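A short write-up of the structure that comes next.
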Amino acid sequence: MPGLPDAVPPAGFAGGLMIGVAAAVMLLGLGRIAGVSGLVARAAGLAEGGAPRALAGLFVLGLPLGAALVALLQGQVASRFPDSLPLLVTGGLLVGFGTRLGSGCTSGHGVCGLSRLSPRSLVATALFMGAGFLTVFLMRAMGMLP
Amino acid sequence: MRNAVALAAGTLFGAGLAVSGMTDPQRVRAFLDLAGDWDPTLAFVMAGAILPMALAWAVRPRLAAPLVAPAWHLPETRRLDRRLVAGALIFGVGWGLAGLCPGPAVAALALAPAPAALFVAAMLAGMAAHRLLLPR
C-alpha cells in the first residue's frame, strides 16, 4: 500500500473471508458463536455451560492445525513475538482475565457480534480497540517500541 | 458429526488467521500503533470476516434449527453492564501489550511454540483467576 509498506490488504481480506466462513459454519452448522476466548475456557475446563467440552476442544485444536497447514503450503508464516517475558506474561494474564470478564474477544465480539449489530459487542469492540490503541501509544511514548 | 464440523471450522479459522498475517503479533501491534509505522491490515481482516458472518446472520432466521445441531445457543445482545466494560478495557490493554488476542495466540502454538505457549499459559491463568475471583 502506498505509504504503508508493511500492509498486506489482499492477504488480510482473503484470510478474513476464511475466518468469517469458519464462524458462519459454527453459527449455521452448530448454532454457536465462534468466540475463541469462550471456547478456550470451555476446553480448558475453566467455564461452566457453553459448548460441549469435546466440541470446544476440537475447534481450539483446529486453530494451530490450520496455521500449520498454511505454513506447510506457504513455506513459512511470520510470527514475531515480543522478546520481553514480562510483556508476554502480563499481556496473557490481562487477555485471559479481561476476555472472561467481558464475555468475549476479537472473534466473539469483533467478528460475530459486530456482524450481528449486537449493542453489547459494539460497545465491547470499541472499548478493547480504544484500550489497545491507547496502550500502544503509551508504550511508544515511554520508548518501549522501536 | 458435530465434533467433525467444529474441528473443520477451527482449522479453517486458524488457516485464515495465518493467511491474513494475524498470527504475527508484530503486525497486530502495528495496527494499534497509530503513532508508529501504522499497518492497516487488521481492518481488512475484520472486513473480510464480517462479510460472510453478516450473510450468515441474515440466513439464520430462515432456519428452524442449526444444520447439524438440535438447537441455537446464542448470547443475548442488549444488556450492557460493568463487567462487559471493565473486561473489554482490561482485554484491550493486554492485547496492546503483547499484540495477541486468544485466537492468534493459540494458532501461533504451531508457528512459534515457546513464546506462544508462555502467552497461552498466562492467558489460561488469567481465565482461572477470573473464575476464582468473580464467580457468576
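The model shown is predicted, which means the values in this text are computed figures rather than measured ones. Throughout, protein chains are lettered first and strands after them, A, B, ... in sequence-line order, and every chain is numbered starting at 1.
- Ranked by heavy-atom pairs shorter than 4.5 Å toward chain B, the options A:Leu39, A:Leu63, A:Leu94 are led by A:Leu63.
- Using a 4.5 Å cut-off between heavy atoms, B:Ala71 touches chain A through its backbone atoms (N, CA, C, O) alone.
- If you measure heavy-atom distances from A:Val21 to chain B, the contacts under 4.5 Å come from both the backbone and the side chain.
- With sequence neighbours left out, B:Arg29 forms a salt bridge (Lys or Arg N to Asp or Glu O under 4.0 Å) with no residue at all.
- Look at A:Arg42 and A:Glu48 and you find no salt bridge, because none of the NZ, NE, NH1 or NH2 atoms lies under 4.0 Å from a carboxylate O.
- Residue contact with chain B, scored on non-hydrogen atoms closer than 4.5 Å, involves the side chain of A:Thr135 exclusively.
- Atoms CE and CG, from A:Met144 and B:Leu97 in turn, are 6.5 Å apart once rounded to the nearest 0.5 Å.
- Annotation: maximal heavy-atom pairing with chain A below 4.5 Å, among B:Ala110, B:Ala49, B:Ala56, occurs at B:Ala49.
- There is no contact between A:Leu138 and chain B, counting heavy-atom distances below 4.5 Å.
- Ring centroid separation for the pair B:Phe44 and A:Phe13 does not come in under the 6.0 Å cut-off.
- For A:Leu69, the part lying under 4.5 angstrom from a heavy atom of chain B is the side chain only.
- Interatomic distance, A:Leu122 CG to A:Leu127 CG, rounded to the nearest 0.5 Å: 11.0 Å.
- No path of Ile, Leu, Val, Met, Phe, Trp and Tyr side chains, each step under 4.5 Å between heavy atoms, connects B:Met123 with B:Leu132, placing them in separate hydrophobic clusters.
- Note: A:Leu46 leads A:Thr99, A:Leu46, A:Leu73 in heavy-atom pairs under 4.5 Å with chain B.
- Note on B:Val120, B:Leu109, B:Leu100: by heavy-atom pairs under 4.5 Å with chain A, the leading option is B:Leu100.
- If you measure heavy-atom distances from B:Leu63 to chain A, the contacts under 4.5 Å come from the side chain alone.
- Proximity to chain B is limited to the side chain of A:Arg140, based on heavy atoms less than 4.5 angstrom apart.
- The candidate from A:Cys112, A:Pro64, A:Ser118, A:Ala24 with the greatest count of non-hydrogen atom pairs under 4.5 Å with chain B is A:Pro64.
- In this structure, no portion of B:Pro70 lies under 4.5 Å from any heavy atom of chain A.
- Note: A:Gly92 leads A:Pro146, A:Ala34, A:Gly92, A:Ala23 in heavy-atom pairs under 4.5 Å with chain B.
- Of the listed residues A:Val123, A:Leu134, A:Leu65, A:Val70, the one with more heavy-atom pairs under 4.5 angstrom with chain B than any other is A:Val70.
- For the options B:Gly96, B:Ala54, B:Ala18, B:Ala122, heavy-atom pairs under 4.5 Å to chain A are most numerous at B:Ala122.
- Between chain B and the options A:Cys105, A:Pro82, A:Pro10, heavy-atom pairs under 4.5 Å are most frequent for A:Cys105.
- Taking the six-membered ring for Trp and the full ring otherwise, the centers of B:Phe31 and A:Phe133 sit less than 6.0 Å from each other.
- The CH2 atom of B:Trp57 sits 9.0 Å away from atom CG of A:Leu28, with the distance rounded to the nearest 0.5 Å.
- In the displayed structure, B:Asp81 atom CG is contacted under 6.0 Å by more than 12 heavy atoms of other residues, nucleotides or ligands.
- When each of B:Ala108, B:Ala112, B:Pro115, B:Ala116 is checked for heavy-atom pairs under 4.5 Å with chain A, B:Pro115 comes out on top.
- Atoms CG and CG, on A:Leu93 and B:Leu124 in that order, are 10.5 Å from each other to the nearest 0.5 Å.
- Of the listed residues B:Leu80, B:Val59, B:Leu42, the one with more heavy-atom pairs under 4.5 angstrom with chain A than any other is B:Leu80.
- In this structure, the portions of A:Ala124 lying under 4.5 Å from any heavy atom of chain B include both its backbone and its side chain.
- For a residue to count as touching a neighbouring chain, one of its non-hydrogen atoms must lie under 4.5 Å from one of that chain's; by this rule B:Met53 touches chain A with backbone and side chain alike.
- Residue A:Leu17 holds its CG atom at 10.5 Å from OG of B:Ser20, rounded to the nearest 0.5 Å.
- In this structure, chain A has no heavy atom under 4.5 Å from any part of B:Leu55.
- With a 4.5 Å cut-off on non-hydrogen atoms, B:Arg27 touches chain A through its backbone and its side chain both.
- Considering only heavy atoms from C-beta on, B:Met127 stays 4.5 Å or farther from A:Phe97 through its side chain.
- Expressed to the nearest 0.5 Å, how far CD of B:Gln26 lies from CG of A:Leu145 amounts to 9.5 Å.
- Within a 6.0 Å sphere centred on CD of A:Gln76, other residues, nucleotides and ligands contribute 12 heavy atoms or fewer.
- Residues B:Ala9 and A:Val25 come closest through the heavy atom pair CB-CG1, 4.2 Å.
- Taking chain A as the reference chain and counting heavy-atom pairs below 4.5 Å, the highest number among B:Gly99, B:Ala6, B:Ala4, B:Ala35 is found for B:Ala6.
- With a 4.5 Å cut-off on non-hydrogen atoms, B:Leu51 touches chain A through its side chain but not through its backbone.
- Both the backbone and the side chain of B:Leu17 come within contact range of chain A, judged by heavy atoms closer than 4.5 Å.
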